[in-house]
Student: 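Quick one: the structure is below, and I'll ask about it shortly.
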Amino acid sequence: RTDTMSASNGGQLDAWREARGEGLLDTSLVKEWIVTPDDRLCPECEPLDGEQRQLDEAFSGGVMNSPLHPSCRCAVGMTRSA
């Protein structure tokens, strides 16, 4: 599951970069870390919830995209900068 999510999320990040390069992605958009807010939320991911970064900038966990760790259930989406 972790490898599949890593590949899928990496592909999405590549697609956002390509869209930005072609002028199809609004430059005011940033990527945002999204957690699954339930009783299984881990202490590694919880502080990342809502963290926003530029497309080519790493999150606090030192990763460009989810998953942060094996069995991570987080996602990364695009949003307007807060």
Side-chain angles (χ1 to χ4, degrees):
R1 179 184 188 282
T2 303
D3 290 341
T4 300
M5 293 308 296
S6 181
S8 175
N9 293 334
Q12 181 63 67
L13 184 59
D14 288 344
W16 288 334
R17 286 179 177 142
E18 185 174 331
R20 182 184 62 187
E22 293 178 8
L24 301 173
L25 188 67
D26 187 335
T27 57
S28 68
L29 294 176
V30 294
K31 60 185 182 179
E32 182 174 352
W33 196 271
I34 305 165
V35 301
T36 303
D38 61 14
D39 61 341
R40 293 174 37 206
L41 178 57
C42 75
E44 293 175 79
C45 294
E46 186 172 15
L48 292 172
D49 188 30
E51 186 173 307
Q52 295 181 349
R53 291 288 183 255
Q54 294 298 317
L55 204 51
D56 294 320
E57 185 181 5
F59 288 99
S60 295
V63 296
M64 294 299 289
N65 211 353
S66 66
L68 180 62
H69 55 78
S71 300
C72 181
R73 300 176 302 134
C74 295
V76 172
M78 295 297 288
T79 189
R80 301 230 180 266
S81 180

Student: I need the D14 CG to N9 CG distance, nearest 0.5 Å.
Tutor: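 These two atoms lie 11.0 Å from each other.
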
Student: Can you check whether S66 reaches M5 side chain to side chain, under 4.5 Å on heavy atoms?
Tutor: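 The answer is no; the side chains never approach within 4.5 Å.
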
Student: Using a strict threshold of under 4.0 Å (side-chain N to carboxylate O), is an ion pair present between K31 and D56?
Tutor: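 Salt bridge flag = no for K31 with D56.
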
Student: Do E51 and R53 sit within salt-bridge range, that is, some charged N less than 4.0 Å from a carboxylate O?
Tutor: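 Yes, charged N to carboxylate O under 4.0 Å.
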
Student: If you measure from CZ on R20 to CG on L29, what distance do you get to the nearest 0.5 Å?
Tutor: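 Result: 11.0 Å between the selected atoms.
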
Student: Evaluate the criterion side-chain contact (heavy atoms from CB on, under 4.5 Å) for residue pair Q52 and T79; output intermediate values, then yes/no.
Tutor: CA-CA 9 Å; Q52 295 181 349; T79 189; 3.4 Å; yes

Student: When you compare the side chain of C72 with that of C45, does any pair of heavy atoms fall below 4.5 Å?
Tutor: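 Yes; the side chains approach each other to less than 4.5 Å.
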
Student: Roughly how far, to the nearest 0.5 Å, is the CH2 atom of W16 from the CG atom of N65?
Tutor: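 Taking CG in N65 and CH2 in W16, the distance rounds to 6.5 Å.
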
Student: Are R73 and R1 side-chain neighbours, meaning at least one heavy-atom pair lies under 4.5 Å?
Tutor: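 Yes. Closest side-chain heavy atoms under 4.5 Å.
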
Student: Check C42 against H69 and note the closest heavy-atom contact, atom names and distance.
Tutor: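 For C42 and H69, the tightest heavy-atom pair comes out as SG-NE2, 3.2 Å.
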
Student: Treat each ILVMFWY residue as a node, draw an edge where side-chain heavy atoms are under 4.5 Å apart, and state whether L13 and V63 are in one component.
Tutor: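 The answer is yes; both residues are in one hydrophobic cluster.
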
Student: Could you check whether any side-chain heavy atom of L55 comes within less than 4.5 Å of a side-chain heavy atom of M78, counting everything from C-beta outward?
Tutor: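 Answer yes - side chains close enough.
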
Student: Below 4.5 Å, heavy atoms only, C-beta onward: do L48 and C74 meet side chain to side chain?
Tutor: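 No, their side chains stay 4.5 Å or more apart.
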
Student: Using a 4.5 Å cut-off on heavy atoms from C-beta on, say whether the side chain of W33 contacts that of L68.
Tutor: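 A side-chain contact exists here, since the closest heavy-atom pair is under 4.5 Å.
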
Student: Using modelled atom types only, decide if a donor and an acceptor are shared between the side chain of E18 and the backbone of A15 within a distance under 3.5 Å.
Tutor: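 Not confirmed, E18 side chain does not pair with A15 backbone.
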
Student: Going by an N to O cut-off under 4.0 Å, is there a salt bridge joining D26 and R80?
Tutor: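 The answer is yes: the pair qualifies as a salt bridge.
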
